[in-house]
Amino acid sequence: MIRTYLTKVSGYLLCAPLLAAIVNFSPVHLAQAAPACTSAITDQDGDGWGYENNQSCQFVQGHPPCSSTAIINGDWGYENGISCKVPSANKPDCTGAAIKTAEGWGWENNRSCRWVEIRQPSTPLICSANAKDNGGGWGWENNRSCRFAENSTGGGTDNSNNNNSNGTPQCSPTANDNGDGWGFEHGASCLWGNVIPDPTIGTNDGSVPPPVRPAIPGHDATGKPICLTDSSDGNHDGYGYENDQTCRVVAGKTATPQNPLLNTRWCQPWAEISYGNYVLQNNTWNDSDVWTDDWWQCIKLGGSRGSYVAQWDYNWLARNEGNEYSVKSYPQVYYGRKTRNTTSGTPTAIGLPANINNLPDFKVRYRYSETGNAERNVALESFFHTSCEAEEWNKHFEMMVWVGKPATKTPGRLVAEATIDGKDWDIYTNPALSWGYVAFVEKTPSTQGTLDWNKFVNWTRYTGPSHGVWSVGDNTCMGAIEIGTETFWGAGTFTLHEFSVYR
(Lines give C-alpha, C1' and ligand atoms only; values in the text may rest on other atoms or scores of the structure.)
Protein backbone atom coordinates (compact mmCIF):
# COMPACT_ATOMS: atom_id res chain seq x y z
CA MET A 1 0.00 0.00 0.00
CA ILE A 2 1.10 3.52 -0.67
CA ARG A 3 0.70 5.98 2.18
CA THR A 4 1.11 9.74 1.86
CA TYR A 5 1.57 11.60 5.14
CA LEU A 6 0.49 15.23 4.95
CA THR A 7 0.03 18.12 7.31
CA LYS A 8 -3.64 18.48 8.13
CA VAL A 9 -5.23 20.83 10.70
CA SER A 10 -2.01 21.88 12.39
CA GLY A 11 -0.47 22.98 9.10
CA TYR A 12 -3.33 25.33 8.24
CA LEU A 13 -4.63 27.26 11.22
CA LEU A 14 -2.82 27.63 14.51
CA CYS A 15 -4.83 30.48 15.94
CA ALA A 16 -6.16 30.53 19.51
CA PRO A 17 -9.88 30.83 18.58
CA LEU A 18 -9.71 27.78 16.32
CA LEU A 19 -7.83 25.70 18.87
CA ALA A 20 -10.40 26.63 21.49
CA ALA A 21 -13.23 25.71 19.15
CA ILE A 22 -11.70 22.32 18.44
CA VAL A 23 -11.16 21.61 22.14
CA ASN A 24 -14.70 22.64 23.11
CA PHE A 25 -16.51 21.00 20.19
CA SER A 26 -17.97 17.65 21.18
CA PRO A 27 -18.12 15.29 18.18
CA VAL A 28 -21.54 13.81 17.48
CA HIS A 29 -21.51 10.37 15.92
CA LEU A 30 -23.93 9.91 13.08
CA ALA A 31 -25.98 6.89 12.24
CA GLN A 32 -23.54 6.22 9.41
CA ALA A 33 -20.30 4.30 9.93
CA ALA A 34 -18.23 7.47 9.96
CA PRO A 35 -18.33 9.93 12.92
CA ALA A 36 -19.03 13.62 12.49
CA CYS A 37 -16.07 15.92 11.78
CA THR A 38 -15.32 18.41 14.53
CA SER A 39 -13.89 21.01 12.13
CA ALA A 40 -14.64 22.00 8.56
CA ILE A 41 -10.93 22.29 7.88
CA THR A 42 -10.63 18.52 7.54
CA ASP A 43 -12.98 18.58 4.54
CA GLN A 44 -10.39 20.00 2.16
CA ASP A 45 -12.25 19.27 -1.07
CA GLY A 46 -15.70 20.24 0.18
CA ASP A 47 -17.32 16.87 -0.55
CA GLY A 48 -18.70 16.42 2.95
CA TRP A 49 -15.95 14.05 4.12
CA GLY A 50 -12.86 14.78 6.21
CA TYR A 51 -10.19 12.95 8.16
CA GLU A 52 -9.66 13.26 11.93
CA ASN A 53 -8.28 11.03 14.68
CA ASN A 54 -6.86 8.62 12.12
CA GLN A 55 -10.24 7.92 10.52
CA SER A 56 -12.70 9.32 8.01
CA CYS A 57 -15.41 11.64 9.31
CA GLN A 58 -18.51 13.22 7.78
CA PHE A 59 -19.11 16.95 7.73
CA VAL A 60 -22.77 17.81 7.36
CA GLN A 61 -22.58 21.61 7.33
CA GLY A 62 -21.57 23.90 4.50
CA HIS A 63 -18.43 25.99 4.30
CA PRO A 64 -19.35 29.69 4.52
CA PRO A 65 -17.13 31.98 2.47
CA CYS A 66 -14.58 34.03 4.38
CA SER A 67 -15.07 37.77 4.59
CA SER A 68 -12.30 40.33 4.53
CA THR A 69 -12.16 40.27 8.35
CA ALA A 70 -11.47 36.51 8.64
CA ILE A 71 -8.19 35.13 9.92
CA ILE A 72 -6.81 33.47 6.78
CA ASN A 73 -4.10 30.86 6.36
CA GLY A 74 -3.92 29.19 2.96
CA ASP A 75 -7.29 28.21 1.48
CA TRP A 76 -9.07 28.29 4.85
CA GLY A 77 -10.02 30.88 7.45
CA TYR A 78 -11.77 31.28 10.78
CA GLU A 79 -14.43 33.76 11.84
CA ASN A 80 -17.68 33.89 13.79
CA GLY A 81 -16.68 30.79 15.72
CA ILE A 82 -16.53 28.48 12.67
CA SER A 83 -14.23 27.64 9.77
CA CYS A 84 -14.68 29.43 6.46
CA LYS A 85 -13.38 28.87 2.96
CA VAL A 86 -11.51 31.47 0.93
CA PRO A 87 -13.57 32.11 -2.22
CA SER A 88 -11.95 31.24 -5.53
CA ALA A 89 -12.13 34.88 -6.51
CA ASN A 90 -9.76 35.67 -3.66
CA LYS A 91 -7.12 33.19 -4.79
CA PRO A 92 -3.84 34.86 -5.84
CA ASP A 93 -2.39 34.51 -9.32
CA CYS A 94 0.31 31.85 -9.70
CA THR A 95 3.87 32.95 -10.32
CA GLY A 96 6.40 31.10 -12.45
CA ALA A 97 7.46 29.10 -9.37
CA ALA A 98 4.02 27.57 -8.79
CA ILE A 99 3.29 23.86 -9.26
CA LYS A 100 0.44 23.25 -11.70
CA THR A 101 -2.08 20.92 -10.05
CA ALA A 102 -5.06 21.12 -12.43
CA GLU A 103 -6.18 23.01 -15.47
CA GLY A 104 -6.21 26.67 -14.48
CA TRP A 105 -4.92 26.02 -10.96
CA GLY A 106 -1.58 25.79 -9.20
CA TRP A 107 -0.07 25.54 -5.71
CA GLU A 108 2.54 27.73 -4.02
CA ASN A 109 3.15 29.35 -0.65
CA ASN A 110 1.01 26.59 0.92
CA ARG A 111 -2.21 27.60 -0.87
CA SER A 112 -4.00 27.36 -4.22
CA CYS A 113 -3.41 29.96 -6.90
CA ARG A 114 -4.95 30.77 -10.28
CA TRP A 115 -2.81 29.66 -13.23
CA VAL A 116 -2.86 32.79 -15.41
CA GLU A 117 0.78 33.25 -16.33
CA ILE A 118 1.37 33.88 -20.01
CA ARG A 119 4.92 33.08 -21.06
CA GLN A 120 6.30 35.88 -23.24
CA PRO A 121 9.25 35.18 -25.48
CA SER A 122 12.66 36.60 -24.80
CA THR A 123 15.28 37.23 -27.46
CA PRO A 124 16.45 33.79 -28.64
CA LEU A 125 20.10 32.84 -28.81
CA ILE A 126 22.01 33.12 -32.08
CA CYS A 127 22.77 29.66 -33.47
CA SER A 128 26.33 28.49 -33.84
CA ALA A 129 27.60 26.53 -36.81
CA ASN A 130 26.95 23.31 -34.89
CA ALA A 131 23.23 23.94 -34.33
CA LYS A 132 20.59 21.63 -35.75
CA ASP A 133 18.89 23.47 -38.60
CA ASN A 134 15.11 23.15 -38.39
CA GLY A 135 14.46 25.43 -41.35
CA GLY A 136 12.73 28.77 -41.41
CA GLY A 137 15.74 30.53 -39.89
CA TRP A 138 15.54 28.55 -36.63
CA GLY A 139 17.74 25.93 -35.03
CA TRP A 140 18.18 23.84 -31.86
CA GLU A 141 21.26 23.41 -29.66
CA ASN A 142 22.14 23.08 -25.99
CA ASN A 143 18.56 21.94 -25.34
CA ARG A 144 16.99 25.23 -26.42
CA SER A 145 15.88 27.15 -29.51
CA CYS A 146 18.24 29.42 -31.40
CA ARG A 147 17.92 31.71 -34.41
CA PHE A 148 20.15 31.86 -37.46
CA ALA A 149 21.13 35.50 -37.91
CA GLU A 150 21.94 36.91 -41.33
CA ASN A 151 25.63 36.88 -40.53
CA SER A 152 25.51 33.53 -38.76
CA THR A 153 27.85 30.81 -39.98
CA GLY A 154 25.03 28.29 -39.56
CA GLY A 155 22.55 27.27 -42.20
CA GLY A 156 18.95 28.28 -42.62
CA THR A 157 17.28 31.43 -43.78
CA ASP A 158 14.30 33.22 -42.31
CA ASN A 159 12.02 32.65 -45.25
CA SER A 160 9.27 30.45 -43.86
CA ASN A 161 5.59 31.17 -43.97
CA ASN A 162 4.77 29.56 -40.60
CA ASN A 163 1.83 30.75 -38.55
CA ASN A 164 3.75 33.45 -36.65
CA SER A 165 4.93 36.64 -38.28
CA ASN A 166 8.43 36.19 -36.91
CA GLY A 167 8.94 32.97 -38.85
CA THR A 168 8.40 30.22 -36.28
CA PRO A 169 5.29 28.15 -35.49
CA GLN A 170 3.28 28.59 -32.31
CA CYS A 171 3.83 25.93 -29.64
CA SER A 172 1.07 23.57 -28.63
CA PRO A 173 0.48 22.91 -24.90
CA THR A 174 2.53 19.70 -25.15
CA ALA A 175 5.70 21.26 -26.52
CA ASN A 176 8.99 21.03 -24.65
CA ASP A 177 9.46 24.26 -22.72
CA ASN A 178 12.86 26.00 -22.60
CA GLY A 179 11.77 28.52 -20.01
CA ASP A 180 12.50 31.57 -22.19
CA GLY A 181 9.25 31.75 -24.14
CA TRP A 182 10.48 29.32 -26.80
CA GLY A 183 9.87 25.62 -27.19
CA PHE A 184 10.58 22.64 -29.40
CA GLU A 185 8.22 20.09 -30.94
CA HIS A 186 7.77 18.08 -34.13
CA GLY A 187 11.47 18.52 -34.82
CA ALA A 188 11.30 22.31 -34.93
CA SER A 189 11.42 25.39 -32.70
CA CYS A 190 8.15 27.02 -31.70
CA LEU A 191 6.95 30.19 -29.99
CA TRP A 192 4.73 30.07 -26.91
CA GLY A 193 2.95 33.29 -27.77
CA ASN A 194 -0.37 33.22 -25.89
CA VAL A 195 -0.16 29.50 -25.03
CA ILE A 196 0.28 28.75 -21.33
CA PRO A 197 3.13 26.23 -21.06
CA ASP A 198 2.57 23.23 -18.82
CA PRO A 199 5.41 23.13 -16.22
CA THR A 200 5.01 19.37 -15.84
CA ILE A 201 6.36 18.97 -19.40
CA GLY A 202 10.01 19.87 -19.85
CA THR A 203 13.03 19.05 -21.93
CA ASN A 204 13.65 15.83 -19.98
CA ASP A 205 14.62 13.15 -22.47
CA GLY A 206 13.94 10.28 -20.07
CA SER A 207 17.57 9.85 -19.02
CA VAL A 208 16.81 11.29 -15.56
CA PRO A 209 13.55 11.38 -13.56
CA PRO A 210 11.52 14.59 -13.51
CA PRO A 211 11.58 16.84 -10.42
CA VAL A 212 9.51 15.76 -7.43
CA ARG A 213 5.91 16.96 -7.64
CA PRO A 214 2.89 16.25 -5.45
CA ALA A 215 1.10 13.06 -6.43
CA ILE A 216 -2.43 13.54 -7.71
CA PRO A 217 -4.53 10.39 -7.26
CA GLY A 218 -6.66 9.04 -10.08
CA HIS A 219 -10.39 9.63 -10.12
CA ASP A 220 -13.36 7.30 -10.43
CA ALA A 221 -16.27 7.64 -12.85
CA THR A 222 -18.03 10.12 -10.56
CA GLY A 223 -14.99 12.37 -10.35
CA LYS A 224 -14.01 11.38 -6.79
CA PRO A 225 -10.28 10.81 -6.15
CA ILE A 226 -9.15 7.22 -5.77
CA CYS A 227 -7.03 6.44 -2.69
CA LEU A 228 -3.47 5.37 -3.40
CA THR A 229 -3.56 3.13 -0.33
CA ASP A 230 -6.16 1.54 1.87
CA SER A 231 -4.10 2.56 4.90
CA SER A 232 -5.61 6.04 4.72
CA ASP A 233 -9.04 4.49 5.37
CA GLY A 234 -8.66 4.33 9.15
CA ASN A 235 -12.39 3.94 9.70
CA HIS A 236 -12.67 1.06 7.18
CA ASP A 237 -15.69 2.70 5.55
CA GLY A 238 -14.32 2.85 2.03
CA TYR A 239 -13.09 6.45 2.30
CA GLY A 240 -9.61 7.75 3.08
CA TYR A 241 -7.75 11.06 3.10
CA GLU A 242 -4.73 11.73 0.89
CA ASN A 243 -3.14 14.70 -0.84
CA ASP A 244 -5.29 17.17 1.10
CA GLN A 245 -8.56 15.65 -0.05
CA THR A 246 -10.96 12.82 0.62
CA CYS A 247 -10.51 9.75 -1.58
CA ARG A 248 -12.38 6.51 -2.23
CA VAL A 249 -10.94 3.00 -1.92
CA VAL A 250 -11.35 1.15 -5.23
CA ALA A 251 -10.47 -2.53 -5.60
CA GLY A 252 -7.66 -3.04 -8.09
CA LYS A 253 -6.74 0.64 -8.13
CA THR A 254 -6.02 1.20 -4.43
CA ALA A 255 -2.90 -0.54 -3.20
CA THR A 256 -3.09 -3.10 -0.37
CA PRO A 257 -0.40 -5.33 1.18
CA GLN A 258 -1.78 -8.20 -0.86
CA ASN A 259 -1.75 -6.12 -4.07
CA PRO A 260 1.01 -3.50 -3.75
CA LEU A 261 0.73 -2.32 -7.37
CA LEU A 262 4.15 -3.42 -8.58
CA ASN A 263 6.54 -1.46 -10.79
CA THR A 264 4.91 1.88 -10.02
CA ARG A 265 7.36 4.68 -9.22
CA TRP A 266 6.28 7.01 -6.40
CA CYS A 267 8.17 10.29 -5.92
CA GLN A 268 6.10 12.01 -3.24
CA PRO A 269 8.00 12.43 0.05
CA TRP A 270 7.02 9.91 2.75
CA ALA A 271 5.10 7.66 0.37
CA GLU A 272 5.09 4.05 1.57
CA ILE A 273 4.69 0.75 -0.24
CA SER A 274 3.71 -2.14 2.01
CA TYR A 275 4.40 -5.75 1.05
CA GLY A 276 4.03 -8.72 3.37
CA ASN A 277 5.57 -7.80 6.74
CA TYR A 278 7.73 -5.02 5.26
CA VAL A 279 7.24 -1.39 4.25
CA LEU A 280 9.29 0.57 1.69
CA GLN A 281 9.34 4.24 2.71
CA ASN A 282 10.43 7.34 0.76
CA ASN A 283 11.96 9.05 3.80
CA THR A 284 13.15 12.58 2.92
CA TRP A 285 13.53 13.80 6.50
CA ASN A 286 16.17 16.52 5.93
CA ASP A 287 15.50 17.83 2.41
CA SER A 288 15.55 21.40 3.77
CA ASP A 289 19.35 21.17 3.86
CA VAL A 290 19.37 21.26 0.06
CA TRP A 291 19.38 24.84 -1.19
CA THR A 292 17.24 24.33 -4.32
CA ASP A 293 14.11 22.37 -5.23
CA ASP A 294 15.85 20.47 -8.02
CA TRP A 295 16.41 17.29 -5.98
CA TRP A 296 14.33 14.13 -6.27
CA GLN A 297 13.95 10.78 -4.55
CA CYS A 298 11.58 8.05 -5.72
CA ILE A 299 10.72 4.49 -4.65
CA LYS A 300 9.45 1.46 -6.55
CA LEU A 301 8.61 -2.14 -5.68
CA GLY A 302 9.31 -4.76 -8.34
CA GLY A 303 9.72 -8.49 -8.51
CA SER A 304 6.79 -10.77 -7.76
CA ARG A 305 4.84 -12.18 -4.81
CA GLY A 306 7.28 -13.84 -2.43
CA SER A 307 10.27 -12.42 -4.28
CA TYR A 308 9.91 -8.63 -4.07
CA VAL A 309 12.69 -6.21 -5.00
CA ALA A 310 12.70 -2.74 -3.41
CA GLN A 311 14.38 0.10 -5.26
CA TRP A 312 14.95 3.83 -4.90
CA ASP A 313 16.60 6.38 -7.15
CA TYR A 314 17.65 9.82 -6.00
CA ASN A 315 19.53 12.99 -6.88
CA TRP A 316 20.61 15.08 -3.90
CA LEU A 317 22.71 17.26 -6.24
CA ALA A 318 26.34 18.27 -5.88
CA ARG A 319 28.09 18.76 -2.57
CA ASN A 320 28.04 22.57 -2.98
CA GLU A 321 24.25 22.69 -3.60
CA GLY A 322 23.42 22.02 0.03
CA ASN A 323 25.00 21.38 3.41
CA GLU A 324 27.51 18.73 2.40
CA TYR A 325 28.02 17.67 6.03
CA SER A 326 24.40 16.72 6.72
CA VAL A 327 22.38 13.64 5.80
CA LYS A 328 19.46 14.56 3.51
CA SER A 329 17.35 11.41 3.58
CA TYR A 330 17.00 7.78 4.58
CA PRO A 331 14.91 5.87 2.01
CA GLN A 332 14.40 2.50 3.62
CA VAL A 333 12.57 -0.75 4.15
CA TYR A 334 11.42 -1.38 7.71
CA TYR A 335 10.14 -4.38 9.62
CA GLY A 336 8.26 -3.47 12.79
CA ARG A 337 6.79 -0.26 14.18
CA LYS A 338 8.18 3.24 13.71
CA THR A 339 5.04 5.03 14.97
CA ARG A 340 1.41 4.05 15.47
CA ASN A 341 0.72 5.03 11.85
CA THR A 342 3.84 3.43 10.39
CA THR A 343 3.93 -0.25 11.18
CA SER A 344 4.55 -3.25 8.95
CA GLY A 345 2.38 -5.73 10.88
CA THR A 346 0.98 -6.78 14.22
CA PRO A 347 3.30 -7.53 17.17
CA THR A 348 2.10 -11.14 17.10
CA ALA A 349 3.03 -11.56 13.44
CA ILE A 350 6.41 -9.79 13.47
CA GLY A 351 7.53 -9.89 17.12
CA LEU A 352 7.99 -6.10 17.35
CA PRO A 353 7.91 -3.84 19.21
CA ALA A 354 9.44 -5.91 22.01
CA ASN A 355 10.93 -5.21 25.42
CA ILE A 356 14.70 -5.53 25.43
CA ASN A 357 14.47 -8.13 28.22
CA ASN A 358 12.22 -10.34 26.08
CA LEU A 359 13.67 -9.67 22.66
CA PRO A 360 13.23 -12.50 20.14
CA ASP A 361 16.42 -13.84 18.58
CA PHE A 362 16.41 -11.89 15.31
CA LYS A 363 18.50 -12.73 12.24
CA VAL A 364 18.72 -10.33 9.29
CA ARG A 365 19.67 -11.24 5.72
CA TYR A 366 20.39 -8.56 3.09
CA ARG A 367 21.65 -8.25 -0.49
CA TYR A 368 21.88 -5.07 -2.56
CA SER A 369 23.44 -3.45 -5.62
CA GLU A 370 23.72 0.19 -6.69
CA THR A 371 24.83 2.57 -9.40
CA GLY A 372 25.76 6.24 -9.36
CA ASN A 373 28.11 8.55 -7.50
CA ALA A 374 27.13 9.68 -4.02
CA GLU A 375 28.48 10.22 -0.53
CA ARG A 376 26.22 7.81 1.34
CA ASN A 377 26.16 4.83 3.66
CA VAL A 378 24.15 1.62 3.57
CA ALA A 379 22.89 1.18 7.11
CA LEU A 380 20.63 -1.07 9.11
CA GLU A 381 19.25 0.34 12.34
CA SER A 382 16.89 -0.02 15.27
CA PHE A 383 15.46 2.60 17.61
CA PHE A 384 14.80 1.80 21.26
CA HIS A 385 11.89 3.61 22.90
CA THR A 386 10.99 4.30 26.51
CA SER A 387 7.82 2.25 26.03
CA CYS A 388 6.46 -0.28 23.55
CA GLU A 389 4.16 2.45 22.27
CA ALA A 390 6.99 3.26 19.88
CA GLU A 391 6.67 6.86 18.67
CA GLU A 392 8.91 9.70 17.50
CA TRP A 393 8.62 11.51 20.81
CA ASN A 394 9.82 8.61 23.00
CA LYS A 395 12.92 7.59 21.07
CA HIS A 396 15.69 6.90 23.57
CA PHE A 397 18.51 5.13 21.74
CA GLU A 398 19.57 4.57 18.11
CA MET A 399 21.70 1.60 17.04
CA MET A 400 23.10 1.54 13.50
CA VAL A 401 25.04 -1.12 11.58
CA TRP A 402 26.81 0.32 8.52
CA VAL A 403 27.54 -2.41 5.93
CA GLY A 404 28.44 0.23 3.32
CA LYS A 405 30.29 3.40 4.27
CA PRO A 406 30.85 6.81 2.64
CA ALA A 407 34.19 7.83 1.21
CA THR A 408 34.91 10.45 3.89
CA LYS A 409 32.05 10.77 6.41
CA THR A 410 32.03 8.92 9.74
CA PRO A 411 29.20 8.51 12.27
CA GLY A 412 30.91 10.52 15.01
CA ARG A 413 33.67 9.67 17.48
CA LEU A 414 35.51 6.33 17.26
CA VAL A 415 35.34 4.64 20.68
CA ALA A 416 36.18 0.95 20.09
CA GLU A 417 36.96 -1.87 17.69
CA ALA A 418 35.41 -5.30 18.00
CA THR A 419 34.79 -8.58 16.24
CA ILE A 420 31.05 -9.30 16.28
CA ASP A 421 29.26 -12.06 14.45
CA GLY A 422 32.50 -13.08 12.73
CA LYS A 423 33.27 -9.64 11.25
CA ASP A 424 35.46 -6.72 12.30
CA TRP A 425 33.82 -3.40 13.15
CA ASP A 426 34.81 0.16 14.03
CA ILE A 427 32.39 1.44 16.67
CA TYR A 428 31.35 5.07 16.99
CA THR A 429 29.17 7.21 19.22
CA ASN A 430 27.91 10.75 18.73
CA PRO A 431 27.69 12.86 21.91
CA ALA A 432 26.11 15.74 19.95
CA LEU A 433 22.79 13.88 19.62
CA SER A 434 20.00 14.30 22.15
CA TRP A 435 19.52 10.53 22.44
CA GLY A 436 21.87 7.59 22.88
CA TYR A 437 23.69 6.47 19.75
CA VAL A 438 26.06 3.77 18.57
CA ALA A 439 27.15 2.88 15.04
CA PHE A 440 28.98 -0.31 14.02
CA VAL A 441 30.89 0.34 10.76
CA GLU A 442 32.07 -2.77 8.92
CA LYS A 443 35.79 -2.53 8.21
CA THR A 444 35.31 -4.42 4.95
CA PRO A 445 31.96 -3.28 3.49
CA SER A 446 29.74 -5.99 2.05
CA THR A 447 26.84 -6.01 -0.39
CA GLN A 448 25.29 -9.12 1.12
CA GLY A 449 25.33 -11.04 4.36
CA THR A 450 23.48 -12.33 7.40
CA LEU A 451 23.60 -10.56 10.76
CA ASP A 452 22.78 -11.89 14.23
CA TRP A 453 20.99 -8.73 15.32
CA ASN A 454 20.89 -9.58 19.02
CA LYS A 455 24.70 -9.74 19.20
CA PHE A 456 24.86 -6.05 18.28
CA VAL A 457 22.12 -5.28 20.80
CA ASN A 458 24.00 -7.15 23.53
CA TRP A 459 27.33 -5.39 22.78
CA THR A 460 25.51 -2.06 22.94
CA ARG A 461 23.75 -2.95 26.18
CA TYR A 462 26.51 -4.63 28.17
CA THR A 463 29.85 -3.50 26.68
CA GLY A 464 29.04 -0.11 25.20
CA PRO A 465 28.79 1.89 28.48
CA SER A 466 32.42 1.05 29.33
CA HIS A 467 33.42 2.80 26.08
CA GLY A 468 31.37 5.93 26.66
CA VAL A 469 28.19 4.75 24.92
CA TRP A 470 24.93 5.73 26.63
CA SER A 471 23.04 2.98 28.39
CA VAL A 472 20.37 1.60 26.09
CA GLY A 473 18.13 1.10 29.17
CA ASP A 474 16.84 -2.04 30.86
CA ASN A 475 13.16 -1.40 30.15
CA THR A 476 13.28 0.02 26.64
CA CYS A 477 11.46 -1.44 23.63
CA MET A 478 12.95 -2.06 20.21
CA GLY A 479 10.48 -0.81 17.61
CA ALA A 480 11.75 -1.95 14.22
CA ILE A 481 14.66 -3.26 12.16
CA GLU A 482 15.37 -1.12 9.11
CA ILE A 483 17.73 -0.92 6.15
CA GLY A 484 18.34 2.15 4.03
CA THR A 485 20.83 4.68 2.69
CA GLU A 486 21.77 7.94 4.40
CA THR A 487 22.83 10.28 1.59
CA PHE A 488 24.88 13.46 2.04
CA TRP A 489 25.00 14.43 -1.65
CA GLY A 490 25.11 12.84 -5.09
CA ALA A 491 22.85 10.72 -7.28
CA GLY A 492 22.27 7.04 -7.87
CA THR A 493 19.96 4.04 -7.86
CA PHE A 494 19.85 1.53 -5.02
CA THR A 495 18.31 -1.93 -5.49
CA LEU A 496 17.55 -4.06 -2.45
CA HIS A 497 17.35 -7.57 -3.84
CA GLU A 498 16.70 -9.10 -0.43
CA PHE A 499 15.88 -7.94 3.09
CA SER A 500 14.62 -10.67 5.39
CA VAL A 501 14.09 -10.58 9.15
CA TYR A 502 13.40 -13.90 10.80
CA ARG A 503 13.34 -15.46 14.27
Rounded to the nearest 0.5 Å, how far apart are [atom1] of [X] and [atom2] of [Y]?
{"X": "E321", "Y": "D294", "atom1": "CD", "atom2": "CG", "result": "7.5 Å"}
{"X": "S369", "Y": "R367", "atom1": "OG", "atom2": "CZ", "result": "8.0 Å"}
{"X": "N323", "Y": "K328", "atom1": "CG", "atom2": "NZ", "result": "5.5 Å"}
{"X": "Y334", "Y": "T343", "atom1": "OH", "atom2": "OG1", "result": "6.5 Å"}
{"X": "K338", "Y": "E272", "atom1": "NZ", "atom2": "CD", "result": "8.5 Å"}
{"X": "F488", "Y": "S326", "atom1": "CZ", "atom2": "OG", "result": "8.0 Å"}

State, with a plain yes or no, whether a side-chain heavy atom of [X] is found less than 4.5 Å away from one of [Y].
{"X": "V327", "Y": "W285", "answer": "yes"}
{"X": "E381", "Y": "E398", "answer": "yes"}
{"X": "W291", "Y": "L317", "answer": "no"}
{"X": "F494", "Y": "T371", "answer": "no"}
{"X": "T485", "Y": "P331", "answer": "yes"}
{"X": "V279", "Y": "V333", "answer": "no"}
{"X": "R248", "Y": "T254", "answer": "no"}
{"X": "N282", "Y": "W270", "answer": "no"}

Between [X] and [Y], is there a side-chain N and carboxylate O pair less than 4.0 Å apart?
{"X": "R365", "Y": "E498", "result": "yes"}
{"X": "E442", "Y": "K405", "result": "no"}
{"X": "R461", "Y": "D474", "result": "yes"}
{"X": "R376", "Y": "E486", "result": "no"}
{"X": "D426", "Y": "K443", "result": "yes"}

Problem - Test log, rule salt bridge (Lys or Arg N to Asp or Glu O under 4.0 Å), inputs K300 and D313 - result: CA-CA 9 Å; K300 181 175 70 173; D313 60 273; over 6 Å; no
Hey, does the side chain of [X] reach the backbone of [Y] with a donor-acceptor pair shorter than 3.5 angstrom?
{"X": "T284", "Y": "S329", "result": "no"}
{"X": "T339", "Y": "T342", "result": "yes"}
{"X": "N394", "Y": "E389", "result": "yes"}
{"X": "N454", "Y": "P360", "result": "yes"}
{"X": "Y330", "Y": "A379", "result": "yes"}
{"X": "Q297", "Y": "N283", "result": "yes"}
{"X": "S307", "Y": "G303", "result": "no"}
{"X": "W425", "Y": "I420", "result": "yes"}
{"X": "T495", "Y": "Y368", "result": "no"}

Practice task
Can you spot which of D452, L352, L451 makes a side chain to side chain contact (heavy atoms under 4.5 Å, CB included) with F362?
Solution key: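 Option passing the side chain to side chain contact (heavy atoms under 4.5 Å, CB included) with F362: L352.
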Exercise for the section: Under the side-chain hydrogen bond (donor to acceptor under 3.5 Å, both in side chains) rule, what do W470 and T429 come out as? Steps first, then yes or no, please. Expected result: CA-CA 9 Å; W470 280 21; T429 189; over 6 Å; no
Practice task
Kindly indicate, with the supporting measurements, whether the criterion side chain to side chain contact (heavy atoms under 4.5 Å, CB included) is fulfilled by V364 and T450.
Solution key: CA-CA 5 Å; V364 182; T450 301; over 6 Å; no
Exercise for the section: Step through it carefully: locate the ring centre of W316, locate the ring centre of W489, and say whether they are under 6.0 Å apart. Expected result: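 Centroid separation for W316 and W489: 6.0 Å or greater.
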Handout entry: Distance flag, aromatic centroids of F440 and F456, threshold under 6.0 Å
Key =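 Ring centres of F440 and F456 closer than 6.0 Å.
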Handout entry: Step-by-step ring pair (Phe, Tyr, Trp, His ring centres under 6.0 Å) determination, F397 to F383
Key = CA-CA 6 Å; F397 195 97; F383 274 97; 9.3 Å; no
Exercise for the section: Test F499 against I481 for side chain to side chain contact (heavy atoms under 4.5 Å, CB included), laying out the working first. Expected result: CA-CA 10 Å; F499 176 58; I481 300 175; 4.3 Å; yes
Taking every non-hydrogen atom, the tightest pair across [X] and [Y]:
{"X": "T264", "Y": "I273", "value": "O-CD1, 4.5 Å"}
{"X": "E375", "Y": "A407", "value": "OE1-N, 3.0 Å"}
{"X": "Y335", "Y": "A349", "value": "OH-O, 4.3 Å"}
{"X": "I350", "Y": "R503", "value": "C-NH2, 3.6 Å"}
{"X": "Y278", "Y": "S500", "value": "OH-CA, 3.5 Å"}
{"X": "A439", "Y": "W402", "value": "CB-NE1, 4.4 Å"}

Exercise for the section: Apply ring pair (Phe, Tyr, Trp, His ring centres under 6.0 Å) to W435 and H385, showing your working. Expected result: CA-CA 10 Å; W435 57 77; H385 304 258; over 10 Å; no
Exercise for the section: Begin with the C-alpha distance, continue with both residues' side-chain angles, and end with the deciding distance and a verdict on side chain to side chain contact (heavy atoms under 4.5 Å, CB included) for V501 and W453. Expected result: CA-CA 9 Å; V501 180; W453 200 247; over 6 Å; no
Practice task
Check the pair Y308, Y275 against ring pair (Phe, Tyr, Trp, His ring centres under 6.0 Å), reporting the backbone distance first and the verdict last.
Solution key: CA-CA 8 Å; Y308 294 109; Y275 59 102; 5.2 Å; yes
Problem - Test side chain to side chain contact (heavy atoms under 4.5 Å, CB included) applied to V457 and I356, step by step - result: CA-CA 9 Å; V457 175; I356 196 171; 4.1 Å; yes
Problem - Exceeds 12 heavy-atom contacts within 6.0 angstrom, atom OH of Y325 - result: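 No, the 6.0 Å shell around OH holds no more than 12 heavy atoms from other groups.
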Practice task
Check each of E482, E391, E392 against R337 using the salt bridge (Lys or Arg N to Asp or Glu O under 4.0 Å) test, and report the only one that passes.
Solution key: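 The salt bridge (Lys or Arg N to Asp or Glu O under 4.0 Å) with R337 is passed solely by E391 among E482, E391, E392.
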